[in-house]
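Keep in mind it's a predicted model, so treat the numbers as computed, not measured.
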Amino acid sequence: MASRYDRAITVFSPDGHLFQVEYAQEAVKKGSTAVGIRGTNIVVLGVEKKSVAKLQDERTVRKICALDDHVCMAFAGLTADARVVINRARVECQSHKLTVEDPVTVEYITRFIATLKQKYTQSNGRRPFGISALIVGFDDDGIPRLYQTDPSGTYHAWKANAIGRSAKTVREFLEKNYTEDAIANDNEAIKLAIRALLEVVQSGGKNIELAIIRRNQPLKMFSAKEIELQVSEIEKEKEEAEKKKSKKST
Amino acid sequence: MAATFFGEVVKAPCRAGTEEEEEEDDEGRRETPEDREVRRQLAKKREVRLLQGQTKTSLEVPLLEKYPCSKFIIAIGSNAVAFLSSFVMNSGVWEEVGCTKLWNEWCRTTDTVHLSPTEAFCVFYRLKSNPSVFGSCPRKNMQITILTCRHITEYKTPEAPSSLPSPFLKALKTQTYKDAVCCSLLEQPNIAHDLPAAVLSYCQVWKIPAVLYLCYTDVMQLDLVTVEAFKPALSSRSLAGLAKNIPQSTEMLKRLMTTSEIQSNIYT
(Lines give C-alpha, C1' and ligand atoms only; values in the text may rest on other atoms or scores of the structure.)
Protein backbone atom coordinates (compact mmCIF):
# COMPACT_ATOMS: atom_id res chain seq x y z
CA MET A 1 0.00 0.00 0.00
CA ALA A 2 0.97 3.63 0.27
CA SER A 3 2.75 3.25 3.60
CA ARG A 4 6.29 3.83 2.38
CA TYR A 5 5.52 7.23 0.92
CA ASP A 6 2.95 8.66 3.24
CA ARG A 7 4.95 9.48 6.36
CA ALA A 8 7.03 12.40 5.22
CA ILE A 9 5.15 15.32 3.69
CA THR A 10 8.08 16.27 1.47
CA VAL A 11 8.23 12.97 -0.33
CA PHE A 12 6.42 12.19 -3.59
CA SER A 13 5.35 8.61 -4.27
CA PRO A 14 6.57 7.07 -7.56
CA ASP A 15 3.28 7.85 -9.25
CA GLY A 16 3.25 11.45 -8.14
CA HIS A 17 1.04 11.42 -5.05
CA LEU A 18 1.59 13.52 -1.96
CA PHE A 19 -0.23 11.20 0.37
CA GLN A 20 -0.27 13.50 3.40
CA VAL A 21 -2.07 16.14 1.37
CA GLU A 22 -4.61 13.58 0.18
CA TYR A 23 -5.11 12.31 3.72
CA ALA A 24 -5.62 15.92 4.85
CA GLN A 25 -8.48 16.10 2.36
CA GLU A 26 -10.02 13.10 4.15
CA ALA A 27 -9.78 15.03 7.41
CA VAL A 28 -11.85 17.79 5.81
CA LYS A 29 -14.61 15.27 5.13
CA LYS A 30 -14.86 14.65 8.86
CA GLY A 31 -16.09 18.16 9.42
CA SER A 32 -19.78 18.99 9.01
CA THR A 33 -21.08 20.41 5.73
CA ALA A 34 -20.69 24.03 4.68
CA VAL A 35 -22.22 25.54 1.54
CA GLY A 36 -21.52 28.86 -0.16
CA ILE A 37 -23.65 30.57 -2.81
CA ARG A 38 -22.84 33.62 -4.88
CA GLY A 39 -25.97 35.52 -5.79
CA THR A 40 -26.36 38.66 -7.84
CA ASN A 41 -26.39 41.06 -4.90
CA ILE A 42 -25.71 38.74 -2.01
CA VAL A 43 -23.32 36.01 -0.86
CA VAL A 44 -24.62 33.29 1.42
CA LEU A 45 -22.79 30.88 3.72
CA GLY A 46 -24.73 28.03 5.29
CA VAL A 47 -23.30 25.42 7.65
CA GLU A 48 -24.48 22.35 9.47
CA LYS A 49 -24.23 23.24 13.11
CA LYS A 50 -22.54 20.66 15.29
CA SER A 51 -24.60 19.52 18.22
CA VAL A 52 -23.16 21.23 21.25
CA ALA A 53 -22.57 19.40 24.51
CA LYS A 54 -24.94 20.35 27.34
CA LEU A 55 -22.41 22.29 29.34
CA GLN A 56 -20.67 23.88 26.37
CA ASP A 57 -21.10 27.56 25.51
CA GLU A 58 -22.62 27.61 22.03
CA ARG A 59 -21.03 30.91 21.06
CA THR A 60 -17.56 29.41 21.07
CA VAL A 61 -18.42 26.70 18.54
CA ARG A 62 -18.62 28.67 15.32
CA LYS A 63 -18.03 27.54 11.76
CA ILE A 64 -18.61 30.94 10.15
CA CYS A 65 -16.09 33.65 11.01
CA ALA A 66 -15.62 37.19 9.82
CA LEU A 67 -12.12 37.95 8.53
CA ASP A 68 -12.90 41.63 8.01
CA ASP A 69 -16.04 43.77 7.70
CA HIS A 70 -16.58 42.76 4.11
CA VAL A 71 -15.15 39.21 4.03
CA CYS A 72 -16.11 36.12 5.92
CA MET A 73 -15.35 32.43 5.73
CA ALA A 74 -16.72 29.05 6.67
CA PHE A 75 -14.45 26.04 7.12
CA ALA A 76 -14.66 22.27 7.43
CA GLY A 77 -12.07 20.06 9.08
CA LEU A 78 -9.77 20.34 12.07
CA THR A 79 -11.00 23.03 14.45
CA ALA A 80 -7.59 23.99 15.77
CA ASP A 81 -6.07 24.33 12.30
CA ALA A 82 -8.96 26.60 11.35
CA ARG A 83 -8.33 28.80 14.37
CA VAL A 84 -4.68 29.29 13.37
CA VAL A 85 -5.53 30.07 9.74
CA ILE A 86 -8.31 32.48 10.69
CA ASN A 87 -6.10 34.37 13.11
CA ARG A 88 -3.35 34.74 10.50
CA ALA A 89 -5.89 35.90 7.90
CA ARG A 90 -7.42 38.45 10.26
CA VAL A 91 -4.04 39.94 11.07
CA GLU A 92 -3.20 40.08 7.36
CA CYS A 93 -6.46 41.92 6.63
CA GLN A 94 -5.62 44.64 9.13
CA SER A 95 -1.98 44.81 8.16
CA HIS A 96 -3.00 45.26 4.53
CA LYS A 97 -5.43 48.03 5.46
CA LEU A 98 -2.79 49.90 7.43
CA THR A 99 -0.10 49.48 4.79
CA VAL A 100 -1.97 50.33 1.59
CA GLU A 101 -4.99 52.08 3.16
CA ASP A 102 -7.40 49.81 1.28
CA PRO A 103 -9.34 46.81 2.55
CA VAL A 104 -8.21 43.47 1.13
CA THR A 105 -9.95 42.08 -1.91
CA VAL A 106 -11.55 38.67 -1.44
CA GLU A 107 -9.11 37.21 -3.93
CA TYR A 108 -6.11 38.67 -2.08
CA ILE A 109 -7.02 37.16 1.26
CA THR A 110 -7.93 33.86 -0.38
CA ARG A 111 -4.52 33.81 -2.08
CA PHE A 112 -2.89 34.58 1.26
CA ILE A 113 -4.64 31.67 2.95
CA ALA A 114 -3.91 29.34 0.04
CA THR A 115 -0.21 30.32 0.01
CA LEU A 116 -0.01 29.68 3.73
CA LYS A 117 -1.54 26.25 3.26
CA GLN A 118 0.78 25.42 0.38
CA LYS A 119 3.85 26.29 2.47
CA TYR A 120 2.86 23.60 4.91
CA THR A 121 2.79 21.01 2.13
CA GLN A 122 6.42 21.70 1.32
CA SER A 123 7.99 22.11 4.74
CA ASN A 124 9.91 19.43 6.51
CA GLY A 125 8.45 18.34 9.82
CA ARG A 126 5.07 20.03 9.40
CA ARG A 127 1.83 18.50 8.27
CA PRO A 128 -0.68 20.24 5.98
CA PHE A 129 -3.63 22.16 7.44
CA GLY A 130 -6.59 19.82 7.62
CA ILE A 131 -9.21 22.36 6.55
CA SER A 132 -10.99 23.56 3.44
CA ALA A 133 -12.46 27.04 3.48
CA LEU A 134 -15.24 28.88 1.66
CA ILE A 135 -14.42 32.60 1.54
CA VAL A 136 -17.11 35.07 0.54
CA GLY A 137 -17.40 38.81 0.32
CA PHE A 138 -17.74 41.90 -1.82
CA ASP A 139 -14.87 43.85 -3.31
CA ASP A 140 -14.82 47.64 -3.68
CA ASP A 141 -16.11 47.24 -7.22
CA GLY A 142 -19.30 45.79 -5.76
CA ILE A 143 -18.91 42.37 -7.34
CA PRO A 144 -19.76 39.38 -5.09
CA ARG A 145 -17.10 36.68 -4.77
CA LEU A 146 -16.92 33.10 -3.54
CA TYR A 147 -13.65 31.20 -3.32
CA GLN A 148 -12.79 27.76 -2.05
CA THR A 149 -9.39 26.62 -0.72
CA ASP A 150 -8.28 23.10 0.17
CA PRO A 151 -5.39 21.56 2.14
CA SER A 152 -3.12 21.42 -0.90
CA GLY A 153 -3.16 25.21 -1.18
CA THR A 154 -5.19 25.48 -4.38
CA TYR A 155 -7.96 28.03 -4.64
CA HIS A 156 -10.68 28.57 -7.20
CA ALA A 157 -13.61 30.91 -7.66
CA TRP A 158 -17.02 29.28 -7.62
CA LYS A 159 -20.63 30.23 -8.23
CA ALA A 160 -21.69 27.78 -5.56
CA ASN A 161 -19.83 25.04 -3.71
CA ALA A 162 -19.90 22.81 -0.67
CA ILE A 163 -17.20 21.35 1.61
CA GLY A 164 -17.12 18.87 4.48
CA ARG A 165 -19.20 15.76 5.02
CA SER A 166 -21.40 14.71 2.08
CA ALA A 167 -20.14 17.68 0.08
CA LYS A 168 -20.52 15.71 -3.13
CA THR A 169 -24.24 15.20 -2.58
CA VAL A 170 -24.71 18.91 -1.90
CA ARG A 171 -22.63 19.88 -4.93
CA GLU A 172 -24.75 17.64 -7.17
CA PHE A 173 -27.87 19.29 -5.79
CA LEU A 174 -26.39 22.72 -6.51
CA GLU A 175 -25.40 21.72 -10.03
CA LYS A 176 -29.02 20.78 -10.70
CA ASN A 177 -30.62 23.74 -8.96
CA TYR A 178 -28.28 26.71 -9.35
CA THR A 179 -29.99 28.65 -12.12
CA GLU A 180 -30.29 32.33 -12.92
CA ASP A 181 -33.85 32.17 -11.56
CA ALA A 182 -32.70 30.53 -8.37
CA ILE A 183 -30.39 33.42 -7.51
CA ALA A 184 -32.57 36.10 -9.06
CA ASN A 185 -33.22 37.76 -5.73
CA ASP A 186 -31.60 37.58 -2.30
CA ASN A 187 -34.34 35.52 -0.70
CA GLU A 188 -34.14 32.90 -3.41
CA ALA A 189 -30.36 32.59 -2.96
CA ILE A 190 -30.84 32.13 0.80
CA LYS A 191 -33.49 29.47 0.18
CA LEU A 192 -31.18 27.64 -2.23
CA ALA A 193 -28.47 27.46 0.43
CA ILE A 194 -30.88 26.08 2.99
CA ARG A 195 -32.39 23.58 0.55
CA ALA A 196 -28.90 22.36 -0.34
CA LEU A 197 -28.06 21.83 3.32
CA LEU A 198 -31.35 20.08 4.05
CA GLU A 199 -30.31 17.38 1.57
CA VAL A 200 -27.72 16.14 4.03
CA VAL A 201 -28.38 17.74 7.42
CA GLN A 202 -29.63 15.05 9.75
CA SER A 203 -32.17 16.91 11.80
CA GLY A 204 -33.61 19.81 9.84
CA GLY A 205 -33.57 23.56 10.38
CA LYS A 206 -32.49 23.66 13.98
CA ASN A 207 -29.06 22.35 13.01
CA ILE A 208 -28.38 25.00 10.36
CA GLU A 209 -26.51 28.25 10.74
CA LEU A 210 -26.64 30.91 8.04
CA ALA A 211 -24.75 34.12 7.30
CA ILE A 212 -25.13 36.61 4.48
CA ILE A 213 -23.29 39.66 3.20
CA ARG A 214 -25.14 42.16 1.05
CA ARG A 215 -23.37 44.79 -1.02
CA ASN A 216 -22.04 47.60 1.24
CA GLN A 217 -23.48 45.96 4.32
CA PRO A 218 -21.75 44.08 7.14
CA LEU A 219 -22.02 40.38 7.81
CA LYS A 220 -25.43 39.30 9.12
CA MET A 221 -25.89 36.05 11.06
CA PHE A 222 -29.42 34.63 10.91
CA SER A 223 -31.15 33.85 14.16
CA ALA A 224 -32.67 30.43 14.77
CA LYS A 225 -36.16 31.92 14.30
CA GLU A 226 -35.29 33.43 10.92
CA ILE A 227 -33.90 30.10 9.75
CA GLU A 228 -37.00 28.24 10.95
CA LEU A 229 -39.12 30.71 8.99
CA GLN A 230 -37.17 30.01 5.80
CA VAL A 231 -37.33 26.25 6.40
CA SER A 232 -41.11 26.30 6.85
CA GLU A 233 -41.48 28.37 3.67
CA ILE A 234 -39.37 25.81 1.82
CA GLU A 235 -41.47 22.96 3.17
CA LYS A 236 -44.65 24.73 2.11
CA GLU A 237 -43.26 25.23 -1.40
CA LYS A 238 -42.31 21.55 -1.52
CA GLU A 239 -45.82 20.47 -0.53
CA GLU A 240 -47.38 22.74 -3.13
CA ALA A 241 -45.05 21.42 -5.81
CA GLU A 242 -45.96 17.85 -4.87
CA LYS A 243 -49.67 18.64 -4.94
CA LYS A 244 -49.28 20.11 -8.43
CA LYS A 245 -47.42 16.99 -9.53
CA SER A 246 -50.12 14.64 -8.28
CA LYS A 247 -52.82 16.80 -9.87
CA LYS A 248 -51.01 16.64 -13.20
CA SER A 249 -50.69 12.87 -13.05
CA THR A 250 -54.43 12.42 -12.29
CA MET B 1 6.88 -9.03 -4.52
CA ALA B 2 3.20 -8.86 -5.38
CA ALA B 3 1.60 -7.41 -8.49
CA THR B 4 0.67 -3.77 -8.22
CA PHE B 5 -2.73 -2.41 -9.15
CA PHE B 6 -3.30 1.21 -10.12
CA GLY B 7 0.13 2.43 -9.14
CA GLU B 8 0.28 1.64 -5.46
CA VAL B 9 3.59 0.21 -4.39
CA VAL B 10 4.01 -3.10 -2.66
CA LYS B 11 7.23 -3.74 -0.75
CA ALA B 12 9.51 -1.68 -2.96
CA PRO B 13 12.65 -0.23 -1.41
CA CYS B 14 12.09 3.27 -0.11
CA ARG B 15 13.83 6.00 -2.09
CA ALA B 16 13.29 8.50 0.66
CA GLY B 17 16.27 7.11 2.52
CA THR B 18 16.46 4.90 5.56
CA GLU B 19 13.44 4.96 7.80
CA GLU B 20 14.22 4.87 11.50
CA GLU B 21 11.12 2.84 12.27
CA GLU B 22 12.55 -0.11 10.32
CA GLU B 23 15.64 -0.47 12.53
CA GLU B 24 15.51 -3.35 14.93
CA ASP B 25 14.96 -2.36 18.50
CA ASP B 26 16.42 -5.38 20.28
CA GLU B 27 15.17 -4.46 23.73
CA GLY B 28 11.56 -3.69 22.95
CA ARG B 29 10.66 -6.00 20.11
CA ARG B 30 11.58 -9.49 21.17
CA GLU B 31 8.80 -11.47 22.83
CA THR B 32 9.80 -13.16 26.07
CA PRO B 33 8.44 -16.56 27.14
CA GLU B 34 6.46 -14.71 29.86
CA ASP B 35 4.74 -12.59 27.19
CA ARG B 36 3.84 -15.72 25.26
CA GLU B 37 2.44 -17.39 28.38
CA VAL B 38 0.32 -14.34 29.27
CA ARG B 39 -1.02 -14.27 25.74
CA ARG B 40 -1.90 -17.96 25.89
CA GLN B 41 -3.76 -17.55 29.18
CA LEU B 42 -5.74 -14.62 27.80
CA ALA B 43 -6.59 -16.53 24.64
CA LYS B 44 -7.99 -19.37 26.75
CA LYS B 45 -10.46 -16.95 28.34
CA ARG B 46 -12.05 -15.97 25.01
CA GLU B 47 -15.72 -16.76 25.12
CA VAL B 48 -18.75 -16.56 22.86
CA ARG B 49 -22.07 -17.19 24.51
CA LEU B 50 -25.42 -17.54 22.78
CA LEU B 51 -28.35 -16.38 24.90
CA GLN B 52 -32.00 -17.04 24.32
CA GLY B 53 -34.61 -14.31 23.76
CA GLN B 54 -35.94 -12.39 26.67
CA THR B 55 -34.93 -14.90 29.31
CA LYS B 56 -31.24 -14.50 28.55
CA THR B 57 -30.56 -18.10 29.42
CA SER B 58 -27.88 -19.89 27.48
CA LEU B 59 -28.94 -21.59 24.29
CA GLU B 60 -27.36 -25.00 24.00
CA VAL B 61 -28.71 -25.76 20.55
CA PRO B 62 -27.56 -23.77 17.51
CA LEU B 63 -29.96 -20.88 16.90
CA LEU B 64 -30.85 -21.93 13.36
CA GLU B 65 -31.89 -25.37 14.60
CA LYS B 66 -34.24 -23.85 17.14
CA TYR B 67 -35.52 -21.24 14.69
CA PRO B 68 -34.96 -22.56 11.17
CA CYS B 69 -35.39 -19.90 8.56
CA SER B 70 -35.37 -19.32 4.83
CA LYS B 71 -34.05 -15.77 4.89
CA PHE B 72 -31.24 -14.67 7.14
CA ILE B 73 -30.18 -11.02 7.05
CA ILE B 74 -27.06 -9.75 8.80
CA ALA B 75 -26.25 -6.07 9.20
CA ILE B 76 -22.73 -5.15 10.33
CA GLY B 77 -21.81 -1.60 11.31
CA SER B 78 -23.87 1.36 12.45
CA ASN B 79 -25.10 2.44 9.02
CA ALA B 80 -26.17 -1.06 7.94
CA VAL B 81 -27.90 -1.62 11.29
CA ALA B 82 -29.69 1.73 11.03
CA PHE B 83 -30.87 0.81 7.52
CA LEU B 84 -32.24 -2.52 8.69
CA SER B 85 -33.85 -1.03 11.81
CA SER B 86 -35.59 1.80 10.04
CA PHE B 87 -36.54 0.23 6.71
CA VAL B 88 -37.04 -3.46 7.38
CA MET B 89 -37.73 -3.81 11.08
CA ASN B 90 -39.98 -0.78 11.09
CA SER B 91 -42.48 -2.64 8.92
CA GLY B 92 -43.98 -5.58 10.75
CA VAL B 93 -43.42 -6.88 14.24
CA TRP B 94 -40.06 -8.40 14.99
CA GLU B 95 -39.33 -10.25 18.21
CA GLU B 96 -35.94 -10.75 19.74
CA VAL B 97 -35.11 -14.46 19.82
CA GLY B 98 -31.55 -14.38 20.99
CA CYS B 99 -28.29 -12.56 21.26
CA THR B 100 -24.61 -13.35 21.47
CA LYS B 101 -22.18 -11.92 23.93
CA LEU B 102 -18.48 -12.35 23.65
CA TRP B 103 -15.26 -11.62 25.42
CA ASN B 104 -11.74 -11.56 24.04
CA GLU B 105 -8.58 -9.81 25.10
CA TRP B 106 -9.44 -6.74 23.00
CA CYS B 107 -12.67 -6.07 24.90
CA ARG B 108 -12.58 -3.05 27.13
CA THR B 109 -14.05 -4.72 30.19
CA THR B 110 -11.60 -6.41 32.52
CA ASP B 111 -14.23 -8.76 33.90
CA THR B 112 -13.56 -12.07 32.25
CA VAL B 113 -15.93 -14.14 34.32
CA HIS B 114 -19.20 -12.34 33.76
CA LEU B 115 -19.91 -10.99 30.33
CA SER B 116 -21.28 -7.48 30.42
CA PRO B 117 -25.05 -7.65 30.97
CA THR B 118 -25.90 -4.79 28.66
CA GLU B 119 -23.57 -5.11 25.71
CA ALA B 120 -24.74 -7.72 23.24
CA PHE B 121 -22.42 -8.20 20.30
CA CYS B 122 -25.22 -9.36 18.07
CA VAL B 123 -28.99 -9.54 18.51
CA PHE B 124 -31.21 -11.95 16.56
CA TYR B 125 -34.77 -11.00 15.56
CA ARG B 126 -37.47 -12.90 13.75
CA LEU B 127 -40.57 -11.64 11.98
CA LYS B 128 -43.64 -12.65 13.98
CA SER B 129 -46.15 -12.22 11.18
CA ASN B 130 -44.32 -14.03 8.40
CA PRO B 131 -43.40 -17.62 9.16
CA SER B 132 -41.48 -18.04 5.90
CA VAL B 133 -38.84 -15.61 7.02
CA PHE B 134 -38.17 -17.87 9.95
CA GLY B 135 -40.03 -20.97 8.85
CA SER B 136 -39.64 -24.67 9.05
CA CYS B 137 -37.59 -25.03 5.89
CA PRO B 138 -34.50 -27.15 5.69
CA ARG B 139 -31.21 -25.33 5.81
CA LYS B 140 -30.63 -25.94 2.12
CA ASN B 141 -33.29 -23.43 1.15
CA MET B 142 -31.87 -20.68 3.29
CA GLN B 143 -30.68 -17.49 1.67
CA ILE B 144 -28.34 -15.09 3.43
CA THR B 145 -28.02 -11.35 2.91
CA ILE B 146 -25.20 -9.37 4.51
CA LEU B 147 -25.12 -5.60 4.69
CA THR B 148 -22.03 -3.67 5.69
CA CYS B 149 -19.99 -0.53 5.06
CA ARG B 150 -16.39 0.17 4.25
CA HIS B 151 -14.44 3.41 3.94
CA ILE B 152 -14.12 4.65 0.38
CA THR B 153 -10.37 5.12 0.67
CA GLU B 154 -10.07 1.34 0.79
CA TYR B 155 -11.68 1.00 -2.64
CA LYS B 156 -8.98 0.34 -5.21
CA THR B 157 -9.69 1.80 -8.63
CA PRO B 158 -7.84 3.61 -11.40
CA GLU B 159 -10.25 6.54 -11.02
CA ALA B 160 -9.31 9.41 -8.76
CA PRO B 161 -11.01 9.09 -5.34
CA SER B 162 -12.69 12.47 -5.69
CA SER B 163 -14.48 11.36 -8.86
CA LEU B 164 -16.15 8.38 -7.20
CA PRO B 165 -19.89 8.82 -6.59
CA SER B 166 -19.70 8.28 -2.86
CA PRO B 167 -21.49 6.50 -1.29
CA PHE B 168 -22.08 3.57 -3.62
CA LEU B 169 -23.11 -0.06 -3.34
CA LYS B 170 -21.21 -3.11 -4.56
CA ALA B 171 -22.22 -6.76 -4.34
CA LEU B 172 -20.39 -10.04 -3.85
CA LYS B 173 -22.23 -13.35 -4.01
CA THR B 174 -21.66 -17.08 -3.63
CA GLN B 175 -21.83 -19.49 -6.54
CA THR B 176 -25.21 -20.87 -5.52
CA TYR B 177 -26.85 -17.43 -5.35
CA LYS B 178 -28.82 -17.26 -8.57
CA ASP B 179 -31.00 -14.18 -8.07
CA ALA B 180 -30.19 -10.84 -9.65
CA VAL B 181 -28.20 -8.38 -7.56
CA CYS B 182 -29.35 -4.78 -7.39
CA CYS B 183 -25.96 -3.19 -8.09
CA SER B 184 -22.68 -3.96 -9.84
CA LEU B 185 -20.38 -6.66 -8.52
CA LEU B 186 -17.26 -5.87 -6.53
CA GLU B 187 -14.37 -5.67 -8.99
CA GLN B 188 -10.85 -6.99 -8.46
CA PRO B 189 -8.54 -6.28 -6.65
CA ASN B 190 -11.10 -5.30 -3.99
CA ILE B 191 -11.98 -7.93 -1.40
CA ALA B 192 -14.36 -8.34 1.50
CA HIS B 193 -12.90 -8.30 5.01
CA ASP B 194 -13.66 -9.50 8.54
CA LEU B 195 -17.08 -10.89 9.46
CA PRO B 196 -18.77 -10.45 6.06
CA ALA B 197 -15.88 -12.31 4.43
CA ALA B 198 -16.10 -15.08 7.00
CA VAL B 199 -19.85 -15.50 6.45
CA LEU B 200 -19.49 -15.48 2.65
CA SER B 201 -16.65 -18.02 2.78
CA TYR B 202 -18.72 -20.30 5.00
CA CYS B 203 -21.68 -20.01 2.63
CA GLN B 204 -19.52 -20.68 -0.43
CA VAL B 205 -18.07 -23.83 1.14
CA TRP B 206 -21.47 -25.14 2.29
CA LYS B 207 -23.18 -24.08 -0.94
CA ILE B 208 -25.63 -21.71 0.77
CA PRO B 209 -26.85 -18.89 -1.48
CA ALA B 210 -25.56 -15.65 0.03
CA VAL B 211 -25.03 -12.09 -1.13
CA LEU B 212 -23.02 -9.28 0.46
CA TYR B 213 -24.07 -5.70 -0.19
CA LEU B 214 -21.07 -3.53 0.58
CA CYS B 215 -21.51 0.23 0.79
CA TYR B 216 -18.39 2.30 0.21
CA THR B 217 -18.75 5.61 1.98
CA ASP B 218 -16.63 8.39 3.34
CA VAL B 219 -18.67 8.73 6.53
CA MET B 220 -18.34 5.64 8.71
CA GLN B 221 -20.43 7.04 11.57
CA LEU B 222 -24.21 7.02 11.38
CA ASP B 223 -25.09 9.16 8.35
CA LEU B 224 -28.34 9.72 6.48
CA VAL B 225 -26.81 9.70 3.00
CA THR B 226 -24.91 6.45 3.65
CA VAL B 227 -27.93 4.63 5.08
CA GLU B 228 -30.03 5.67 2.08
CA ALA B 229 -27.37 4.22 -0.23
CA PHE B 230 -28.59 0.77 0.88
CA LYS B 231 -32.07 1.43 -0.53
CA PRO B 232 -31.49 -0.39 -3.87
CA ALA B 233 -31.10 -3.57 -1.80
CA LEU B 234 -34.81 -3.36 -0.97
CA SER B 235 -35.58 -4.36 -4.55
CA SER B 236 -33.59 -7.58 -4.27
CA ARG B 237 -35.47 -10.83 -3.70
CA SER B 238 -34.03 -11.34 -0.26
CA LEU B 239 -35.39 -8.07 1.12
CA ALA B 240 -38.38 -7.68 -1.18
CA GLY B 241 -41.64 -7.24 0.64
CA LEU B 242 -39.98 -6.72 3.99
CA ALA B 243 -39.93 -2.93 3.80
CA LYS B 244 -43.46 -1.66 3.59
CA ASN B 245 -43.61 1.91 4.81
CA ILE B 246 -40.87 3.98 3.21
CA PRO B 247 -41.89 7.52 4.39
CA GLN B 248 -42.28 6.28 7.96
CA SER B 249 -38.91 4.59 7.66
CA THR B 250 -37.27 7.85 6.66
CA GLU B 251 -38.82 9.51 9.71
CA MET B 252 -37.57 6.76 11.98
CA LEU B 253 -34.11 7.08 10.45
CA LYS B 254 -34.06 10.81 11.23
CA ARG B 255 -34.99 10.01 14.83
CA LEU B 256 -32.14 7.48 15.05
CA MET B 257 -29.76 10.18 13.84
CA THR B 258 -30.68 12.68 16.50
CA THR B 259 -30.34 10.20 19.34
CA SER B 260 -26.88 9.12 18.35
CA GLU B 261 -24.93 12.28 17.68
CA ILE B 262 -21.40 12.00 18.96
CA GLN B 263 -19.67 15.05 20.32
CA SER B 264 -16.20 15.54 18.97
CA ASN B 265 -14.49 18.88 19.20
CA ILE B 266 -11.55 17.99 16.99
CA TYR B 267 -13.44 18.37 13.73
CA THR B 268 -15.88 21.16 12.99
Exercise for review: Report the option among V219(B), T217(B), T226(B) that has the most heavy-atom pairs separated by less than 4.5 Å from atoms of chain A.
Suggested key: V219(B)
Practice item. Please tell me if the side chains of L224(B) and V200(A) come closer than 4.5 Å, counting only heavy atoms from C-beta onward. Key: no
**Study point:** Gap separating the OH atom of Y267(B) from the CG atom of L78(A), nearest 0.5 angstrom
**Key:** 5.0 Å
Check your understanding: Would you find more than 12 non-hydrogen atoms of other residues, nucleotides or ligands less than 6.0 Å from K220(A) atom NZ?
Key -> yes
Review point. Side chain, backbone, both or neither: which part of T169(A) has a heavy atom under 4.5 Å from chain B?
Key: side chain
**Study point:** Backbone of T268(B) reached by a side-chain donor or acceptor of K63(A) within 3.5 Å
**Key:** yes
Revision key, fill the gap. Looking only at S166(A), G31(A), G77(A), most heavy-atom pairs under 4.5 Å shared with chain B are made by G77(A)
Check your understanding: What part of A27(A) lies closer than 4.5 angstrom to a heavy atom of chain B: side chain, backbone, both or neither?
Key -> both
Review point. Can you tell me how far NZ of K30(A) sits from CE of M220(B), rounded to the nearest 0.5 angstrom?
Key: 9.5 Å
Practice item. Output all residues satisfying side-chain hydrogen bond (donor to acceptor under 3.5 Å, both in side chains) with S86(B), sequence neighbours left out; order by chain, then residue number. Key: none
Study note, to complete from the structure: CD (Q25(A)) and CG (D218(B)) are apart, to the nearest 0.5 Å, by 12.5 Å
Review point. Among residues 227-240 of chain A, which ones touch chain B with a heavy-atom distance under 4.5 Å?
Key: none
Study note, to complete from the structure: Looking only at R165(A), E22(A), E172(A), most heavy-atom pairs under 4.5 Å shared with chain B are made by R165(A)
Exercise for review: Say whether, by atom type as modelled, one donor and one acceptor occur between the side chain of K168(A) and the main chain of L164(B) under 3.5 angstrom.
Suggested key: yes
